[in-house]
Every structure is written in C-alpha cells, then in structure tokens.
Amino acid sequence: MKKPSIAQLEEIAHELRVIILKMVHHAKCGHTGGPLSCIDMLAALYFYKMRIDPKNPSWPDRDRFVLSAGHTAPALYACLIKAGFIPEAEMWGLRKLGSGLQGHPKRHVEWGIEMSTGSLGQGMSIANGMALAGRLDKRPYRVYSLESDGGAQEGMMWEGAMAAGHYKLDNRVALMDYNGIQIDGFVKNIKDVHPLDKKFEAFNWHVIVVDGHNMKEIVAALDEAEKVKGKPTVLIGRTIMGKGVAIFENKPKYHGVAPTDEEMEAAMKELGHA
Amino acid sequence: MPEIATRDAYGKKLAELGDKYPNIVVLDADLSCSTKTGVFGAKFPDRFFNMGVAEQDMMGTAAGLAVCGKIVFVSTFAIFAAGRAWEPFRQSIAYPHLNVKVCASHAGLTVGEDGASHQMIEDIATMRVIPGVSVFVPADGVETEKVLEEIVRVDGPSYVRLCRAKSPVLFDPSYRFQIGKGNILREGKDLCIFTAGFMTAVVLEAAKRLEEQKISTTVVNMASVKPLDAELIVAQARRHKYLAGVEEHSVIGGLGSAIAEVLAEKEPARLIRIGVNDEFGQSGDYLSVLKHYRLDAEGVANTILKSIL
C-alpha cells in the first residue's frame, strides 16, 4: 500500500482531532489536552509507520503499540476507529458502562488495543517485554509506546528505560509526548523531568528530539529509528497540550476535563467542522 | 524424614518444565541464587532474563512477554513480588488476565535473620484479593512440583508462595494435587486444623501433642488457598466440634480469613485463627522466630488447648 504524503497525514491528524473531541464531549468526562498533543505523533505511527492489518488484528508479525500514557485513550481509539479496527459507532460508548472503550485502555486485540494501561510508567516495561518476545521468536515486529512527561516522574519508567538500554532493544521505540503539563499544573513547577534527552542518552537510548506537531520531522524520526542498531530509540516530541484548538492550548485545566457545549462549538468551528 | 525447601523443588521443577514447554520464560530480580531460578537460567540462558533490582519493571516485562504468547515465571522474595510490585502485577498482569506465574520465595517469616523488612506475612491477603488470581501455598517439595505441573497447564495469573527453609517431605511422588481441592492428611474426631505451607508439617506435629491431651485432630492441607475448597471446609465444620486455621501469615486476610469467609456464609462455626497477630516480625533464626510467635508445634497446640478448654 502506498504511504500517505505529509499533507495527507496532516489531514488525517486533523480528522482524528475531530473524532477525539466528539468522543470526549459526548462522554462528558475524560482527557482533552493530552490526546490533542500526542495525536500528530500517533497519526504518523498508525497511518505511516506501523505494519498492521485491521482485517487480521492478531497477525503475529504485526507491529505493536502500547499506550503507556493511558489517559490519552481517546487518541488511541480515534486512530483505531479511523484505521478500521473499531467500528465507528463504538465511539459513543467511550467511558460508558459495558463499552469496550473504557476510560483507560483495556486489552482487546481484535480492536487493536494491545494492552491494558493507565497506571503511568508501566507501558515502558510492557513494551520492552513484547520486544524481548519478538527477539526470542525471531519475529520482525517492532514495538512502540507512547510515554508522557508526567509519566516520566514514575520510577518504574526509568527501570524500564534502563532495561531497554541494557538489553539493546533496537526493535523498541518510545514516543514521548512532552507537553509540559500534568494534572496539578506545569511539570516544571511540580517536579521537573528536564532534561529528558540526556536522561535517555544516559540509559543508552538513541535520542531524537522533534517538534511533535511537525509531521515531516515526526516521519523522518520514525524512519531514522528503524535504522538504529543495538539501541532502543526515543522520539521526544515537544508538544502543546490541547494543540489545534486555541482555547485548550497549553492550559493545565484541560488536562483532564471534557469540553463544555460552548467550548465544543468553538472547537468544531476552529477545526472547520461547525 | 528427608527435607527439601520448596524453593529448591521450584528451581528443579522449573528447569524440567523448560524442556517440556519451550515457551516458558523466566524472570528474576537479582535473587536468582536465592529463588533458585538460576537453575533454569543456567540451562536455558536465552529464556532467562535478570531484570536487576527492579521488581516493578520485572512485572511489566513479564506482561509484555505473556501477551506475546510466553508462559512467564517471575520470581523474587515474596515481600517484593506481592508487596512492592503489587500494583504493576494487578494492572499489567491480572487485569488483562495474562499467563504469568509469580513464584515468590522467602515468604512468611522464613527469611528469619533479615528481619521484618524482608519477611512477608501479608502476601496471601494482597494476592488473593485481586480478581482472577489463583493463590497456592505448597507444603513440601513434592506438592510444589505438583502445583507447578498444574498451573503451567492453566492459562492465567497465579501466585505460588514458597519457603526458604527446608521442610519435611510429607507427600509421596504419587500424590495428585488438584487446583481448588484441599486434602486430609490425618483424620480425627474433635478438632479440624486447616493449614498450608511450612506450617503443615508443624501442625501434623501439633496434632500429635493434642492427641496426647485427648483431642482427636484432623489435619487438612489447603495448598489451594484460592480457589478454596469450600465444600471440604463445610464438611469438616459439620463433623468437628472445633475448627482452627493455622498459617505463617498475618491472621488478617490470609488462609484463616478465607476459611472464616466460607464458614460465615455457609456453615456458621467458631474458627480459631492462628498466625501472626497484627504485628511485624523480627530478626532471629527461622525456628526461633516461629517459636516466638507461637507458630511451632508446641505453641500451636497450646494456643488451641487454651482456646477450647
């Protein structure tokens, strides 16, 4: 299948933003900011880089993705809906009783949800385990995870980072959504994680820092990661929480709340879906 | 009587199972000499990963290996497996119901001299409360091997509580362990003691002492703490005037509590719970520590006599 162009990927990311906001607004709760900050990276991952097949979701050689930043679940669900893993109508079930779209991901491989996540920092280790299994079984798949800067305050994340470096997991790529905001405010004020690049370097990772909203840079970084041998790669994306909708951008308030009706109307107008 | 520590039986059996099941992978957190996973590691270096002193990472890594089809055995001391790494175990292994077997050694007071920080008298409580997790406490080397043979055939998470100290071999090789079943080791008329793990041998000894005091005692070994053999508990409650649960664990939340739950719902009866009474352990050689907490044969027999006379 032909790879989409940068312009097409940007258009996909735009559509995904609309899906995310519709889902979270309908659920009347959940996270607005994080899904919008990571979605450009996820769009590149799902629609440009990963080898996956919605018609064969448990294909043994598929690339794996673990949403370590589990609270950005609407971003993952939007990708899986758009990619054809999850039926579109399911989006209205987000956070509702009986729905497969739990508030934080619950493993459901048929829908492309590879792992249950939500407790920060744990996805790093889980993805490492998948990468080790791939190496043991001599399978070609690669394992991606989405980490967050708030999650980088968890000790377990660094245990995992150390393990991936030690085991030279070059089939392993972590994407870091570095938007600088956590629930209680700005990361730098609460417990600064800077410098993330030097931390990962110290744990023997190949580090690429990109503008997490620049599709060209993201795509180039994902391509570069594939060529790295003997090391895992981290792609640190400098991002803006709530990116794409001016009223949400860089405001800690929108880390964990759904848009009101008025905010939703303004957001849709800005995204050209009014 | 020959003796073997359940952790030694674990190491030996795990290495055997590695031949039969090529998809077994073993993880340890810098304690492979103590937990005996090193035996597997020496035989199958490709399928053994030492995760270093990082128990949470070990649980997460185990989850990742398990979602990719591996049967994962994870070992460290019980305090770290069922304590420190409890949350990653719950989130990343139990919640998605993955095929990870946590075989934790040095449970109970068994680390003796290391003291309270390394002893674990809360693990049955912390593990059995997690949905879908099975909990097993084998009494000797033979039962340890039988438990391993069974759990490796069942898809899903389980916790096996192992002991550092050598314990007498109670079962012969023909013994058949069944998940969810207890087994009667000794028949009596007055008192029934439910127990598990290292305490099974202690209780058999205590039963002899009770017999001398004219208390005819049944001893039931409850290696399968979850699922628990409720039917057997109810049957014994109907047959005996006195019931006791004896364990090397806090009296809060362990085997005694599990039995009390069954009795309260199905066959109301008084149960004497014997274990560690809401306090931390302390340093000392294992048998001295057991004696201090009245968990030696004499202490168990005396506590029961005091409760029923």
Side-chain angles (χ1 to χ4, degrees), chain A residues 58-68 70 102 104-109 113-139 141 143-145 147 151 154-167 169 171-172 203, chain B residues 18 21-30 40-41 44-74 76 80 84-100 102 130-132 155-157:
Chain A
S58 47
W59 173 34
D61 286 342
R62 71 192 182 279
D63 288 340
R64 268 77 166 172
F65 175 71
V66 178
L67 189 73
S68 203
Q102 294 284 294
H104 292 77
K106 183 179 182 191
R107 184 167 181 254
H108 185 174
V109 176
I113 305 171
E114 295 283 356
M115 192 52 186
S116 308
T117 52
S119 184
L120 291 176
Q122 298 191 7
M124 175 65 86
S125 307
I126 295 164
N128 292 344
M130 292 173 166
L132 280 172
R135 181 189 280 181
L136 264 179
D137 294 339
K138 299 187 172 53
R139 291 198 178 275
Y141 66 77
V143 187
Y144 298 87
S145 68
E147 310 294 334
E154 286 283 1
M156 187 177 165
M157 185 164 133
W158 300 105
E159 292 182 8
M162 195 185 294
H166 175 80
Y167 281 106
L169 296 178
N171 53 351
R172 172 82 180 88
F203 286 126
Chain B
Y21 297 88
N23 54 341
I24 286 181
V25 172
V26 177
L27 305 182
D28 205 304
D30 194 41
F40 182 96
F44 305 102
D46 295 350
R47 292 194 266 146
F48 175 77
F49 297 100
N50 199 326
M51 302 311 295
V53 192
E55 296 79 12
Q56 302 176 67
D57 182 43
M58 178 167 70
M59 289 295 181
T61 307
L65 284 157
V67 282
C68 293
K70 302 298 175 194
I71 304 171
V72 190
F73 282 80
V74 165
T76 179
F80 308 126
R84 185 170 201 142
W86 183 87
E87 197 255 4
F89 173 77
R90 176 196 183 265
Q91 310 284 25
S92 301
I93 293 169
Y95 178 37
H97 202 72
L98 298 178
N99 206 7
V100 177
V102 178
I130 305 176
D155 190 29

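Side chains are part of it too, since the values below use all heavy atoms of this structure and drop only hydrogens, waters and symmetry mates.
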Exercise. Side chain, backbone, both or neither: which part of A:Leu132 has an atom under 4.5 Å from a heavy atom of chain B?
Worked result: both

Problem set entry | CZ on B:Arg84 to CE on A:Met156, rounded to 0.5 Å | 11.5 Å

For this session: Please lay out, stage by stage, how A:Met115 and B:Tyr95 fare under the test side-chain contact (heavy atoms from CB on, under 4.5 Å).
Result: CA-CA 10 Å; A:Met115 192 52 186; B:Tyr95 178 37; over 6 Å; no

Exercise. Would a 4.5 Å heavy-atom cut-off, applied to side chains only, mark B:Cys68 and A:Arg139 as touching?
Worked result: no

Problem set entry | Where A:Ala133 and B:Leu65 come nearest, the two heavy atoms and their spacing | N-CD2, 3.6 Å

For this session: Spell out the residues in residues 52-61 of chain B that have some non-hydrogen atom less than 4.5 Å away from a non-hydrogen atom of chain A, in order of number; otherwise answer 'none'.
Result: B:Ala54, B:Glu55, B:Gln56, B:Asp57, B:Gly60, B:Thr61

Exercise. Between A:Arg135 and chain B, which part of the residue has a heavy atom less than 4.5 Å away: side chain, backbone, both or neither?
Worked result: neither

For this session: List the steps, then state whether side-chain contact (heavy atoms from CB on, under 4.5 Å) holds for B:His97 with A:Arg107.
Result: CA-CA 10 Å; B:His97 202 72; A:Arg107 184 167 181 254; over 6 Å; no

For this session: Side chain from CB out, backbone as N, CA, C, O: work out which of these in B:Leu98 comes under 4.5 Å of a heavy atom of chain A, or both, or neither.
Result: side chain

For this session: Using the side-chain contact (heavy atoms from CB on, under 4.5 Å) rule, take A:Met130 and B:Val67 through it: C-alpha gap first, then chi angles, then the decisive distance, then the call.
Result: CA-CA 7 Å; A:Met130 292 173 166; B:Val67 282; 3.4 Å; yes

Exercise. Heavy-atom distance under 4.5 Å to chain A: side chain of B:Val72, backbone, both or neither?
Worked result: neither

For this session: Could you go through the side-chain contact (heavy atoms from CB on, under 4.5 Å) check for B:Phe49 and A:Leu136 one step at a time?
Result: CA-CA 11 Å; B:Phe49 297 100; A:Leu136 264 179; 4.1 Å; yes

Problem set entry | Rounded distance [0.5 Å steps], CZ in B:Arg90 versus OG in A:Ser119 | 9.0 Å

